[in-house]
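In the text below, chain A, chain B and the rest are named by the order of the sequence lines, each starting its count at 1.
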Protein chains: 2
Amino acid sequence: MLETTDERAGMPAVSATEGRPPGSAGTQRRRAGRPSAAVLDKAGITAAALELINRKGYDGLTMAALAKELDVAPSALYNHVAAKRDVLLLVEDHLTSLVDVSGFGPAPWEDAVRGWAWSYRNVFAEHTPLIPVIAVLPVTDAPQTLAMYETVSKGFLDAGFPQERIVSSIVALESFIFGSAYDVTAPADIFESGSMAEATPHFTAAVRSAAGQVDGPPADAAFSLGLEALIAGLGALREQRA
Amino acid sequence: MLETTDERAGMPAVSATEGRPPGSAGTQRRRAGRPSAAVLDKAGITAAALELINRKGYDGLTMAALAKELDVAPSALYNHVAAKRDVLLLVEDHLTSLVDVSGFGPAPWEDAVRGWAWSYRNVFAEHTPLIPVIAVLPVTDAPQTLAMYETVSKGFLDAGFPQERIVSSIVALESFIFGSAYDVTAPADIFESGSMAEATPHFTAAVRSAAGQVDGPPADAAFSLGLEALIAGLGALREQRA
DNA sequence: TCTAATAAATGAATGCCGTTCATTTAGTGG
DNA sequence: CCACTAAATGAACGGCATTCATTTATTAGA
């Protein structure tokens, strides 16, 4: 149900607050009743939600806080969204538009997928609370997300992928990407077995020898390993093109 | 911080409620003060939480409902867990003990990994609200989870895996498994593009041709595709064993 | 053996959160 | 001109996790 107003989002929503710095509640109160010019719209709500998330994280994204950010009563939000989930949907769809799909077309299929996957993971690693929302999200409700799927699908088709395997392939890649996004947020010492170390000798040894490798964050090593395996394995499905 | 009392959990916690059907609040009230025999323990809390989840889902798992299930005041729970997160941890660790790792050892590495991954995904597909918890969970706090890692690590090592790549390989597989678990819960019509169908011709065509295939749930096709790619790709890391 | 500390329960209270509803005011279509 | 709808306010509501004072029972130490 999202309109494609996304081009306006991302900028600090000047329209909504008429230049007043958002969050600094204006001195004069707005009196009750419909204002001459609408204060809220979906683009403004999206931008304010993103600003709030960046400043206070997802715990800070409450309907009350969002209303304050927009200098509005909390109940006013419900004239534009049916529930908080709709706000998360707006944010999700905006973020998806930031995922880099530019490799599809010019670059070889392997490079296009690689660039897309890294970009996709990096965007949502900062927004893992959205992942449960995305997973159950009908694409109809998210036009930017649908646009991404279209670009990727075309890339797979042009690379010689059999049409009936494209969706499954994308879903498999996405599953790996979402799971890996969580991984980025894990604490560095997540695998320290502590007092139970002597009960788990093989695992403990594996953790220690992995720590010896010094190239970048461990989440990146696992992501690279899995992604290259997926690219190789899925790439084998392609037929030779005309 | 979980004790390894897990063997007792899983059964309907007779110890905690002394045979009275849990949930049917006893007629006589328990008076204030410490009772002669402890009413609560971690195994009982775990079993009651699982029972509640099975009956009402994760929305029904509230501290108040859990207390009622155990015929106890909500505040009593906080003598045994520091926060609701700890309850989820107890549940997670119990579920992990249900994951089938029996293939490691007897079966060839590929078959062992395949069986483990399917089992792991199936267990947590019913418990996706736990996934964000697992992702940030230090293994020290979950002995059963640690035991699973030990078994899997040994299986990889015995199959000729280089030690320093084992953790990354397991993490990559787990990421795919967790992402795929979400996928199972997705509605069947998630990819119906509806009114925007003509704007996304390649994707719409791909969705339709995939629907033509009739073998099992679409989530299973994607999981199988990705898992086989990962097994093939990761398997290539093995050295030839002595 | 008395006694202080600790453990485990009750019950009342707190603060936050998402959401609803009555009300007010402003634009809009017939 | 008038009914209807859209968009705001502000006051509620129920539910949630969590805390705290209090009571009672067990346990450790002098």
Side-chain angles (χ1 to χ4, degrees), chain A residues 1 3 13 15-18 20 25-45 48-49 52-53 56-91 129 133, chain B residues 1 3 15-18 20 25-45 48-49 52 56-91 129 133:
Chain A
M1 299 292 186
E3 299 134 22
S15 71
T17 54
E18 285 160 6
R20 213 184 315 108
T27 26
Q28 67 265 23
R29 223 157 203 53
R30 195 180 6 252
R31 81 176 186 286
R34 176 179 183 172
S36 310
V39 178
L40 295 177
D41 59 19
K42 282 181 174 144
I45 291 172
L52 205 48
I53 289 162
K56 315 245 184 171
Y58 277 86
D59 284 349
L61 179 63
T62 69
M63 295 301 273
L66 184 56
K68 175 173 271 186
E69 181 80 16
L70 289 160
D71 196 21
V72 141
S75 54
L77 294 168
Y78 289 86
N79 289 320
H80 301 266
V81 296
K84 187 182 179 179
R85 151 173 280 260
D86 287 3
V87 176
L88 296 178
L89 238 77
L90 287 164
V91 172
V133 176
Chain B
M1 299 291 190
E3 299 135 21
S15 72
T17 54
E18 285 161 7
R20 214 188 310 107
T27 26
Q28 67 263 24
R29 239 180 183 36
R30 197 182 2 252
R31 80 178 190 282
R34 178 179 181 171
S36 308
V39 178
L40 296 177
D41 59 18
K42 282 181 174 146
I45 292 173
L52 206 48
K56 317 248 182 167
Y58 277 86
D59 284 350
L61 180 64
T62 68
M63 294 302 272
L66 185 56
K68 174 173 272 188
E69 180 81 15
L70 289 160
D71 194 24
V72 140
S75 53
L77 293 167
Y78 290 86
N79 288 319
H80 301 266
V81 296
K84 187 180 180 180
R85 154 173 279 259
D86 287 4
V87 175
L88 296 178
L89 236 77
L90 286 164
V91 173
V133 175

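Residue-to-nucleotide proximity on DNA chain C shows that, of B/Ala73 and B/Arg34, the 5′-proximal contact is made by B/Arg34. The nearest heavy atom of DNA chain D to A/Val72 and to B/Asp59 marks one nucleotide each, and the one closer to the 5' end goes with A/Val72. The 5' end of DNA chain D is approached more closely, in terms of each residue's nearest nucleotide, by A/Pro74 than by the other of B/Leu61 and A/Pro74.
For the atom pair B/Asp86 CG and B/Lys42 NZ, the distance stands at 7.5 Å (nearest 0.5 Å). Note: A/Leu77 CG to A/Leu66 CG = 5.0 Å, rounded to the nearest 0.5 Å. For the atom pair B/Leu52 CG and B/Lys68 NZ, the distance stands at 11.0 Å (nearest 0.5 Å). Taking CG from A/Leu61 and CD1 from A/Ile53, the interatomic distance works out to 4.5 Å, rounded to the nearest 0.5 Å.
Here D/dC16 presents its C1' atom at 16 Å from NZ of B/Lys56, a figure rounded to the nearest Å. Residue B/Tyr58 contributes atom OH, which lies 18 Å from atom C1' of D/dA17 at whole-angstrom precision. Between B/Lys68 atom NZ and D/dC16 atom C1' the separation is 15 Å, expressed in whole Å.
In this structure, A/Val91 and A/Val133 have side chains that are not in contact, with every pair of non-hydrogen atoms separated by 4.5 Å or more. A 4.5 Å side-chain heavy-atom check between A/Val81 and A/Leu90 finds at least one atom pair inside the cut-off.
Residues B/Gly44 and B/Leu70 share a closest heavy-atom pair of O-CD2, 3.8 Å. Here the closest heavy-atom approach between residue B/Gly60 and residue B/Ala65 is recorded as O-CB, 3.5 Å.
Residues from residues 75-82 of chain A placing a heavy atom under 4.0 Å of any atom in DNA chain D, listed by number, are A/Ser75, A/Ala76, A/Asn79, A/His80.
For DNA chain C, the span of nucleotides reached by chain A at under 4.0 Å from its heavy atoms goes, 5' to 3', from C/dC17 to C/dG27.
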